[in-house]
Amino acid sequence: MRKALIICLLIPLAVGGLSAWLTMGSMEQFAALEQPPLSPPGWVFPVVWTVLYLLMGLASFLIWKSAAPQTEKKRALTLYAVQLAVNFVWPLLFFRAGLFGFALIWLVLLLVLVIETTIAFGKIDKRAAWLLVPYIVWLLFAAYLNAGVWLLN
């Protein structure tokens, strides 16, 4: 069980870490852009994302180890994997490519997928669904920031 938990925690951390690594160097360009009100300092983003990735990993572990029917678990974990892949692409669109408008549309797609994942997780384990709520809240805030950057630049 411990090995499975570690793997479940490492998967989203690896996805986020790779995405961050691929966007290194873009942060200086981002910092030079006009920012909307309430924009946090740059150090906040890796801290928040690390916590969110750990919560995602723990939620996925709860689903994986649950006694739910295999078809329900497979559907929920497939949604989880798809949202994680979409999550991986957003920083590349926003930071690397500077496609702020398209990144906002992509972020809305991510938000929809995370809500669907949360619903699917909730049918299996309410705790897993609640672990994704901070992610949804952060994505709403990220959408505000993304829209602000797009409109101001």
Original post:
Given the rule in the side-chain contact (heavy atoms from CB on, under 4.5 Å) test, do F102 and F94 qualify, once you have shown the distances and angles that lead to the verdict?
Top reply: CA-CA 8 Å; F102 186 68; F94 186 87; over 6 Å; no
**OP:** Would you please test L55 and L132 for side-chain contact (heavy atoms from CB on, under 4.5 Å) and show each step?
**Re:** CA-CA 7 Å; L55 292 174; L132 296 182; 5.9 Å; no
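When every heavy atom of L9 is checked against every heavy atom of L58, the shortest pair comes out as CD2-N, 3.6 Å. The minimum heavy-atom distance between S60 and L77, with the atom names listed, is O-CD2, 3.9 Å. Annotation for Q35 and V149: closest pair OE1-CG2, 3.9 Å, computed over non-hydrogen atoms. The two atoms that bring F121 and A129 nearest to each other are CB-N, 4.1 Å, heavy atoms only. Considering every non-hydrogen atom in both Y80 and P12, the closest pair reads OH-CG, 3.5 Å. The shortest non-hydrogen separation linking S39 to P36 is OG-O, 2.7 Å.
Interatomic distance, L111 CG to N87 CG, rounded to the nearest 0.5 Å: 11.5 Å. In this structure, the separation between CE on M56 and OG1 on T117 is 10.0 Å, given to the nearest 0.5 Å. Within the model, atoms CG of L10 and CG of L54 stand 9.0 Å from one another, a figure rounded to the nearest 0.5 Å. Between the CG atom in L33 and the CD atom in Q29 there is a gap of 8.0 Å [rounded to 0.5 Å]. Taking CG of L38 as the reference point, atom CG of L145 lies at 8.0 Å (rounded to 0.5 Å). Note that CD1 of I119 is 12.5 Å distant from CD1 of I124, once rounded to the nearest 0.5 Å.
Ring pair Y135/W49 is perpendicular by interplanar angle, where above 60° counts as perpendicular and below 30° as parallel.
A single hydrophobic cluster is seen to contain both L109 and W150, as judged by linkage of ILVMFWY side chains at heavy-atom distances under 4.5 Å, directly or through other members.
Distance alone, capped at 3.5 Å, places no donor-acceptor pair between the E116 side chain and the A76 backbone. Side chain of T23 to main chain of S19: a donor-acceptor pair is present (N/O by atom type, distance under 3.5 Å, no hydrogens or angles). Side-chain N or O atoms of R96 include none that pairs as donor or acceptor with a backbone N or O of P91 at under 3.5 Å.
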Got a list of side-chain donor-acceptor pairs under 3.5 Å for residues 62-72, not counting sequence neighbours?
unit_1: S66; atom_1: OG; unit_2: I63; atom_2: O; d: 2.9
unit_1: S66; atom_1: OG; unit_2: A68; atom_2: N; d: 3.4

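Partners of N146 under the side-chain hydrogen bond (donor to acceptor under 3.5 Å, both in side chains) rule, at least two apart in sequence or in another chain, are W90. Evaluation of the ring-ring contact (aromatic ring centres under 6.0 Å, His included) rule for F88 yields no partner, not counting sequence neighbours.
Other residues, nucleotides and ligands contribute over 12 non-hydrogen atoms within 6.0 Å of the CH2 atom of W138.
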